[in-house]
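Below: the structure, in structure tokens.
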Amino acid sequence: QVQLRESGGGLVQAGGSLRLSCAGSGHSFSNYTMAWFRQGLGRERELVSAMTQSGTVTSYAASVKGRFTISRDTAKNTVYLQLNDLKPEDTAVYYCAAVRWSFVHGTAPKVDHWGQGTQVTVSS
């Protein structure tokens with residue numbers, strides 16, 4: 001069983017930065033592709049970014065490409081999402097997830113484990 005716990009959310013002004021962390025536990029954590037999703041108020045949950053277990057393949061939503069960076073520290077069983085140049089429309093609850101995904105265009109990751117989420121609020 002994999003358990004995930006996010007941290008690092010908060011309130012920031014537009015143009016600011018945050019770093020989200022997702023600490024994982026469980027013997028299979030390192031074998032998973034890890035992803036970050038977000039869900040704004042009244043909106044559907046959307047995939048923000050993902051990274052393979054090796055770290056060699058990454059994917060970003062068009063809305064965050066060039067501003068957000070995903071990374072992982074295998075030794076610490078932790079995945080990060082660096083959020084730069086934040087905009088009010090980035091306001092959402094951010095979730096990390098352990099997923100299975102081929103990264104093939106047009107397909108969606110299958111989530112096996114969710115974290116509890118961390119709130120990011122960007123003021124204008």
Side-chain angles (χ1 to χ4, degrees):
Q1 184 73 8
V2 173
Q3 294 183 326
L4 305 171
R5 187 169 185 85
E6 302 94 334
S7 61
L11 173 64
V12 64
Q13 288 188 331
S17 298
L18 285 172
R19 190 176 80 156
L20 307 182
S21 300
C22 173
S25 62
H27 69 279
S28 59
F29 173 81
S30 61
N31 295 328
Y32 269 104
T33 288
M34 295 300 298
W36 287 94
F37 292 78
R38 69 184 180 185
Q39 187 167 19
L41 191 63
R43 305 184 69 174
E44 290 187 359
R45 193 170 297 190
E46 62 174 346
L47 176 66
V48 174
S49 183
M51 172 179 273
T52 54
Q53 54 267 50
S54 65
T56 56
V57 180
T58 59
S59 176
Y60 295 94
S63 58
V64 307
K65 193 171 292 186
R67 299 188 298 121
F68 292 7
T69 304
I70 190 171
S71 61
R72 67 192 296 169
D73 186 331
T74 303
K76 295 183 178 179
N77 272 3
T78 301
V79 178
Y80 304 98
L81 187 67
Q82 178 69 38
L83 289 63
N84 295 331
D85 189 23
L86 282 160
K87 304 175 181 182
E89 53 264 40
D90 295 317
T91 295
V93 178
Y94 284 71
Y95 300 89
C96 74
V99 306
R100 288 177 282 130
W101 192 28
S102 63
F103 287 80
V104 172
H105 180 69
T107 66
K110 179 173 173 54
V111 179
D112 283 352
H113 305 281
W114 288 104
Q116 85 288 350
T118 186
Q119 176 71 46
V120 171
T121 303
V122 184
S123 63
S124 57

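Contact between W101 and S59 at its shortest, heavy atoms only, is CH2-OG, 3.8 Å. Across R72 and V79, no two heavy atoms sit closer than the pair CB-CG2, 4.0 Å. Across A35 and V99, no two heavy atoms sit closer than the pair CB-CG1, 4.0 Å.
By the rule that hydrophobic residues join a cluster once side-chain heavy atoms approach within less than 4.5 Å of another member, V111 and I70 end up as members of separate clusters. The hydrophobic cluster containing V64 also contains L86, counting ILVMFWY residues as joined when their side-chain heavy atoms lie under 4.5 angstrom apart, directly or transitively. No single ILVMFWY cluster, assembled from side-chain heavy atoms under 4.5 Å apart, contains both Y95 and L4. In this structure, V93 is not a member of the same hydrophobic cluster as V12, with clusters built from ILVMFWY side-chain heavy atoms closer than 4.5 Å. Linking ILVMFWY residues whenever their side-chain heavy atoms come closer than 4.5 Å, directly or via other members, leaves L47 and F68 in distinct clusters.
Separating the CZ atom in R5 from the OG1 atom in T118 is a distance of 10.0 Å, to the nearest 0.5 Å. Atom CE of M34 is separated from atom CG of L81 by 11.5 Å, given to the nearest 0.5 angstrom.
Looking only at distances, no side-chain donor or acceptor of T58 sits under 3.5 Å from a matching main-chain atom of M51. Formation of a donor-acceptor pair under 3.5 Å by the E6 side chain with backbone atoms of C96 is found in this model.
Within the structure, salt bridge (charged side-chain N to carboxylate O under 4.0 Å, His left out) pairs that include any residue of residues 75-84 do not occur (at least two apart or interchain). For residues 28-54, the pairs satisfying ring pair (Phe, Tyr, Trp, His ring centres under 6.0 Å) are Y32-H113, F37-W114, with sequence neighbours left out. Screening residues 48-82 for disulfide (SG to SG under 2.5 Å), with sequence neighbours left out, gives no hits. Note on residues 24-52: pairs passing salt bridge (charged side-chain N to carboxylate O under 4.0 Å, His left out), not counting sequence neighbours, are R38-E46, R38-D90.
Under the side-chain hydrogen bond (donor to acceptor under 3.5 Å, both in side chains) criterion, T121 pairs with Q119, sequence neighbours left out. The side chain to side chain contact (heavy atoms under 4.5 Å, CB included) search around V57 returns T52, F103, not counting sequence neighbours. For the side chain to side chain contact (heavy atoms under 4.5 Å, CB included) test, residues two or more places apart in sequence or in another chain that qualify with S71 are Y80. Not counting sequence neighbours, the partners of K110 by the side chain to side chain contact (heavy atoms under 4.5 Å, CB included) test are R100, D112. Listed by chain and number, the residues in a side-chain hydrogen bond (donor to acceptor under 3.5 Å, both in side chains) with S124 amount to none (sequence neighbours excluded). Under the side chain to side chain contact (heavy atoms under 4.5 Å, CB included) criterion, Q3 pairs with S25, not counting sequence neighbours. In this structure, the side-chain hydrogen bond (donor to acceptor under 3.5 Å, both in side chains) partners of Q53, at least two apart in sequence or on a different chain, are T33.
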Only pairs under 3.5 Å count here: list side-chain donor-acceptor contacts from residues 16-24, not counting sequence neighbours, and write none if there are none.
from, atom 1, to, atom 2, distance (Å)
S17, OG, N84, OD1, 3.0

